[in-house]
Amino acid sequence: MSTKVAPVFNPFEAAQGQFDRVADQLNLDVEIRSILRWPLREFRFQIPVRMDDGSIKVFFGFRVQHNDARGPAKGGIRFHPNETLDTVRALAMWMTWKTAAADLPLGGGKGGVVVDPATLSVGEKERLCRGWIDGIWKNLGPRIDVPAPDVGTTPQMMGWMMDEYSKLTGQYEPGAITGKPVGSGGSLGRTEATGSGVITTVREAMARMGIDSTRTTASIQGFGNVAQYAALGFVEALGGKVVCISCYDRHEKGAVSFAKTDGVDVKFLQSITDQYGTVDKAKARAAGYGIEPGDAWIAKDVDVLIPAALEGQITADNVGSISPKVQIIAEGANGPTTPEADEVIRARGTFLIPDFLCNAGGVTVSYFESVQSDANYYWEHEAVLRRLDQKMTSAFKGVVGMADSRDVYMRDAAYMVAIDRVVKAMELRGWV
Ligand code: NAD
């Protein structure tokens, strides 16, 4: 019997490890390092919620503000049963790098609640969202920290949160939260922003590598907000084929892949997917999709892999099954690659578009949304998407420029660009 125990993936240790590695390469001052290795502020609070059966259930909420040297902390709120303080810390730290890499005047934060939202009624969800705000509102605000949706949270939930915040402060405050529904302070283009931004970076990578996108194929992990619009963009904007997508089947409590060698019909799959990103297996099978194991997506013979589900998905155990044909890995999710797997990808020379560059489209349009909300003036859809494309293209070029000039791996280059900008702001503000 083997006694080998797989290491437990701790996203915060991974985030600190990535930072340390680049801090060494940059010879970063020890005082600056000690500020940036940890969040500036962390909050953990109880959220008692009256359930539909009359009982009170206590949930645990988090908000972590990693750094706000460049502007108000910014980052989503995740509702997930496995949420931990370390997950939130890691995501907050990655947000600092993400807003800096995209050159947005914002810092990094993240929040969460330990809960499976699919187990709550609509009323319970609303009370939990309002309770989250009640527990933390004094430390939020358009000039302090601006939350947004993430895994398990929706525009409607942001609408309730904005309403609760406005009630508590006594004035309409749409700029306090982004990802709100259109018609209630939301921005056009926010829904597709992250997936669309992923595809802008893939397009730029292909242009740089001399790849004809219309002849390419992709396999995607996940079929939630990011994955759906990345899939749509891969087909519609790049003219490529998506041959596999996967999801977590919350009824059967396991991951599953859906394959079609001649290319999936993204809009059809969207029409049979629920709000949590679970595809209806029976309907997909009836439409001729191959139903395969959850990890089948990673082993497909494709040009592009897009992990767009959760952190810690490409691991030492499965990185070896990536096909030699894969030329680009575009990290739509936050932290999808463990440090051990990252070493393997780095060594094999695959072109990696690191998470906080690749998925910065969401926070970019969130930033546009808070600008519009603050001004109470809303832009046309086309203007949002055009500005998003410009921002993502310029962020990609900035990181590639760094990778070329210092001859470093794309993840390290993204860190270098981001750390440089954050440190400059800290110096200008006299923190160090
Ligand atoms: P989502 O909840 O809409 O979708 C998540 C998807 O992943 C679902 O389809 C789910 O079934 C699937 N999934 C979960 N576990 C899986 C597994 N083991 N195998 C296969 N599929 C699995 O979430 P989202 O908003 O699309 O976010 C996805 C990732 O992108 C997260 O890492 C999130 O932090 C990151 N992200 C999201 C945004 C955004 O704007 N939504 C922005 C930046 C980064």
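Just so it is clear, the values below take in all heavy atoms, side chains as well, and ignore hydrogens, waters and symmetry mates. Both counts, for ligands and for their atoms, begin at 1 and track the order of listing.
Remark: side-chain polar atoms of His66 are paired, donor with acceptor, to backbone N or O of Leu36 under 3.5 angstrom.
Of the charged side-chain nitrogens involved, none lies within less than 4.0 Å of a carboxylate oxygen, so that Asp103 and Lys391 do not count as a salt-bridged pair. In summary, Lys110 and Glu311 do not engage in a salt bridge, as defined by a charged side-chain N under 4.0 Å from a carboxylate O.
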All N/O donor-acceptor pairs, side-chain side in residues 392-400, below 3.5 Å, sequence neighbours left out:
| residue | atom | partner | partner atom | Å |
| --- | --- | --- | --- | --- |
| Thr393 | OG1 | Arg203 | NH2 | 3.2 |
| Thr393 | OG1 | Asp389 | O | 2.7 |
| Thr393 | OG1 | Asp389 | OD1 | 3.0 |

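Residues passing the ring pair (Phe, Tyr, Trp, His ring centres under 6.0 Å) test with Phe351, sequence neighbours excluded: none.
Sequence neighbours left out, the pairs with a member in residues 265-276 that pass salt bridge (Lys or Arg N to Asp or Glu O under 4.0 Å) are Glu236-Lys267, Arg250-Asp274.
Pocket lining of ligand 1, defined as residues with a non-hydrogen atom under 4.0 Å away: Arg78, Lys98, Asp150, Val151, Gly152, Arg190, Thr194, Gln221, Gly222, Phe223, Gly224, Asn225, Val226, Ser246, Cys247, Tyr248, Ala255, Tyr276, Gly277, Ala308, Ala309, Leu310, Gln313, Gly332, Ala333, Asn334, Asn359.
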